[in-house]
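Input: a single structure, listed below in structure tokens.
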Amino acid sequence: MIEVKEKQFRNYNEGDTIAVVRENYRKMRSRQTVAYVQHMQREYLTYSRPMQVWEAIEHLNRFVDLSDPDMNLPNVMHLIQTAEGMREDNRPDWMQLVGLIHDLGKVMYLWGKDEDGTTLSEQWGLVGDIFLVGCKLPDTCVYPEFNELNPDMHDARYNTEYGMYQPHCGIDNTLKAWGHDEYLYNVLRNHKNNRIPEEGMVMIRYHSFYPWHTGGSYTYLMNERDKLYKEWVLDFNRYDLYTKRAESYNLDEVKAYYLPLIEKYLGNEPVFF
Ligand SMILES: [Fe+2]
Ligand SMILES: [Fe+2]
């Protein structure tokens with residue numbers, strides 16, 4: 001079983017990387033607006049780049065997540081740590097696969113642009129806790145002092161509790177800040193051989209939605225199904241967060257175990273990113 005270790009995770013106020021983490025959040029909060037998210041959907045949801053899943057995993061060997069105060073290894077090591085933690089606990093094979101691929105949306109950096117926040121050096125459109133655009137930003141966001149920098153918080157259409165949404169409209173029916181969660185969810189939803197169960201797709205889509213799943217915000221937009229969603233996402237989150245450690249894996253050694261899982265749930269045709 002995963003044990004919550006002495007080490008405290010998600011400490012945003014001290015440590016060597018805090019200035020970088022904080023700056024990424026400042027840019028993310030200042031620039032992720034309704035208009036930006038709509039622009040990103042148009043530009044990035046083109047499903048025009050075929051790539052094998054294992055190839056995408058290998059590309060994250062070059063990606064270090066600038067929003068993560070707990071990890072400065074390449075992202076691929078975090079993917080394997082997450083999956084291996086689930087495997088040790090005998091969690092279902094589809095969940096182990098979800099652990100292995102949950103951050104693959106970060107491959108956007110391969111064709112990203114600095115002005116979109118989707119490159120190795122500008123990651124405010126790729127990583128970090130997400131929030132909803134189109135309604136008031138909650139104080140449960142990390143660095144809530146940056147909320148007022150968001151232009152939508154000075155727009156009467158978007159700066160009230162409900163903003164552009166109806167009460168209990170359901171979290172699926174909201175616009176999320178753009179990042180690797182929403183991107184990968186859409187890529188996989190579009191993949192014709194996708195057999196990942198609904199729980200797994202929800203884990204992928206909402207794992208970075210901390211103000212909701214951990215902060216308890218946005219209950220006034222939730223429907224009945226979202227309560228179940230939250231249980232699934234929190235179950236996933238224990239592994240996403242608490243398996244983080246300095247240990248590296250040899251990619252080739254774990255490949256033999258995970259390739260059949262990829263094939264079982266995603267087939268062996270390329271996925272169109
Ligand atoms: Fe993630
Ligand atoms: Fe993760």
Side-chain angles (χ1 to χ4, degrees), residues 2 4 7 9-12 17 20-21 24-25 28 32 40 44 53 56-89 91 94-110 112 117-118 120 123-131 141-142 171 176-188 196 199-215 229-230 232-249 251 254 258 273:
I2 289 293
V4 177
K7 178 178 187 299
F9 289 91
R10 291 177 58 82
N11 181 336
Y12 287 95
T17 55
V20 172
V21 172
N24 191 70
Y25 273 106
M28 184 184 190
Q32 291 245 5
M40 294 303 277
Y44 285 74
V53 174
I57 290 171
E58 287 176 332
H59 281 305
L60 292 192
N61 219 346
R62 280 186 55 221
F63 187 88
V64 176
D65 185 325
L66 298 180
S67 75
D68 191 340
D70 300 316
M71 188 81 169
N72 42 31
L73 291 175
N75 204 235
V76 70
M77 295 305 157
H78 162 62
L79 291 179
I80 299 172
Q81 289 173 2
T82 307
E84 289 284 289
M86 293 167 173
R87 184 180 170 191
E88 280 165 30
D89 280 0
R91 301 309 303 266
W94 61 263
M95 190 172 173
Q96 296 173 30
L97 173 74
V98 166
L100 183 75
I101 66 171
H102 73 278
D103 279 342
L104 280 195
K106 295 174 188 173
V107 296
M108 265 187 284
Y109 87 85
L110 292 168
T118 50
L120 288 177
Q123 298 185 9
W124 51 270
L126 268 181
V127 299
D129 298 356
I130 58 166
F131 48 86
C141 292
V142 294
I171 297 298
K176 269 65 71 176
W178 183 258
H180 64 280
D181 298 43
E182 186 68 7
Y183 178 58
L184 183 65
Y185 169 79
N186 278 286
V187 163
L188 294 178
I196 296 172
E199 292 97 309
M201 293 297 284
V202 167
M203 291 169 183
I204 288 168
R205 193 176 195 184
Y206 296 113
H207 72 270
S208 301
F209 197 11
Y210 274 84
W212 169 69
H213 67 60
T214 298
Y229 277 22
K230 198 186 268 195
W232 297 339
V233 174
L234 287 174
D235 184 21
F236 176 85
N237 181 252
R238 296 160 47 226
Y239 297 94
D240 192 13
L241 190 56
Y242 296 120
T243 58
K244 286 179 184 173
R245 52 188 178 263
E247 184 183 349
S248 287
Y249 287 88
L251 262 184
V254 295
Y258 289 106
F273 284 85

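Whatever order the structure lists them in is the order used to number ligands and atoms, beginning at 1.
How far CD of Gln32 is from CH2 of Trp124: 6.5 Å, rounded to the nearest 0.5 Å. Once rounded to the nearest 0.5 Å, the distance linking OG of Ser67 with CG of Asp129 reads 7.0 Å.
Between the side chains of Gln96 and Tyr239, not a single donor N or O lies within less than 3.5 Å of an accepting N or O. Side-chain N/O atoms of Asn186 and Tyr44 include no donor and acceptor closer than 3.5 Å.
Inter-residue side-chain proximity for Leu241 and Tyr210 is flagged as met; some heavy-atom pair is nearer than 4.5 Å.
Here the protein contributes Asp103 OD1, His180 NE2, His207 NE2 as N, O or S atoms under 2.8 Å from the Fe ion (ligand 1).
Residues passing the ring-ring contact (aromatic ring centres under 6.0 Å, His included) test with His207 are His102, His180, Phe236, sequence neighbours excluded.
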